[in-house]
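Before any comments, here is the structure.
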Amino acid sequence: MLSKVSSATMALGTLAAPHLERGATQALSSLTNQSNAEASSQVEIAGEVASGTVSAVSTMCRALEISSKILARNIASNTVMIVSHKYGSDVAAVTEAAIAGPEGIGKSRVEDPNKNDTGPDQVEVDKDQGFEIVELVAGGEAVN
């Protein structure tokens with residue numbers, strides 16, 4: 001979906017840019033009493049600055065998205081390792097399946113950005129369900 005939005009925005013920008021540049025040049029030259037060449041040069045500089053800013057923000061967003069996926073995978077891996085040490089390999093296997101399985105908590109949150117159930121309330125529900133599962137597998141032992 002993001003690629004479609006990106007393509008549409010790019011097409012709109014390509015279509016609108018010459019008209020915006022022409023209008024901005026005329027407005028700047030009439031407001032500041034500059035020649036069209038000077039105003040055009042200043043509009044071009046402003047366009048380059050805006051383009052660089054959009055590119056930087058895009059790169060930052062992409063880096064944050066990649067970082068969040070790496071962080072989620074590492075948290076999942078460490079959670080399984082801690083559960084394995086504390087409760088044994090059976091509970092660790094259940095935890096890993098709950099986190100990394102096809103419908104696991106980690107996949108639904110990180111892999112599907114369109115999921116709407118990522119708020120604090122849903123995370124609390126997931127945590128409580130996880131404790132209940134571990135408690136069942138651990139033989140009724142309290143886990144909190």
Side-chain angles (χ1 to χ4, degrees), residues 1-138 143-144:
M1 169 124 176
L2 288 177
S3 65
K4 298 287 184 194
V5 171
S6 176
S7 298
T9 305
M10 185 69 150
L12 179 64
T14 303
L15 180 68
H19 303 292
L20 290 173
E21 185 176 1
R22 198 171 333 128
T25 300
Q26 288 175 354
L28 188 61
S29 67
S30 69
L31 289 173
T32 60
N33 296 328
Q34 295 178 341
S35 69
N36 276 348
E38 289 175 326
S40 178
S41 172
Q42 288 181 348
V43 168
E44 187 177 320
I45 290 170
E48 287 178 21
V49 169
S51 172
T53 302
V54 168
S55 177
V57 168
S58 171
T59 301
M60 216 170 57
C61 288
R62 201 170 329 126
L64 287 172
E65 183 179 338
I66 292 169
S67 296
S68 70
K69 288 181 181 183
I70 291 170
L71 183 62
R73 278 194 293 270
N74 287 338
I75 288 172
S77 174
N78 287 334
T79 300
V80 170
M81 188 171 53
I82 289 169
V83 168
S84 174
H85 287 304
K86 190 166 183 175
Y87 299 105
S89 59
D90 292 339
V91 178
V94 170
T95 304
E96 185 173 21
I99 292 173
E103 292 296 320
I105 295 167
K107 288 246 192 279
S108 65
R109 300 298 189 271
V110 177
E111 303 296 329
D112 187 2
N114 296 322
K115 265 236 190 275
N116 291 326
D117 59 349
T118 57
D121 295 338
Q122 185 60 39
V123 171
E124 186 67 30
V125 168
D126 291 341
K127 185 183 88 169
D128 291 344
Q129 288 174 345
F131 280 137
E132 289 173 14
I133 292 170
V134 169
E135 197 171 301
L136 285 173
V137 174
V143 218
N144 294 349

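Positions are given from 1 along the sequence. Every value quoted in this text rests on a predicted model; they were computed, and no experiment measured them.
Considering CD1 of I82 and CD1 of I75, their distance stands at 10.5 Å, rounded to 0.5 Å. Between the CD atom of E48 and the CD1 atom of I45 there is a distance of 7.0 Å, given to the nearest 0.5 Å.
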Sequence neighbours excluded and cut-off under 3.5 Å, please list the side-chain donor-acceptor pairs for residues 51-58, or say none.
from, atom 1, to, atom 2, distance (Å)
T53, OG1, V49, O, 2.8
S58, OG, R62, NH2, 3.3

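The side chain to side chain contact (heavy atoms under 4.5 Å, CB included) check on A39 picks up T25, L28, S29, Q34, with sequence neighbours excluded. Listed by chain and residue number, A16 satisfy the side chain to side chain contact (heavy atoms under 4.5 Å, CB included) test with L20 (two or more places apart in sequence, or in another chain). Legend: residues meeting side chain to side chain contact (heavy atoms under 4.5 Å, CB included) with S35, ordered by chain and number and at least two apart, are A37, E38. I70 meets the side chain to side chain contact (heavy atoms under 4.5 Å, CB included) test with I66, R73, N74; sequence neighbours excluded.
Here the shortest heavy-atom pairing between V43 and E21 reads CG1-CG, 3.8 Å. Scanning all heavy atoms of the two residues, the minimum distance from P18 to L15 falls at CD-O, 3.6 Å.
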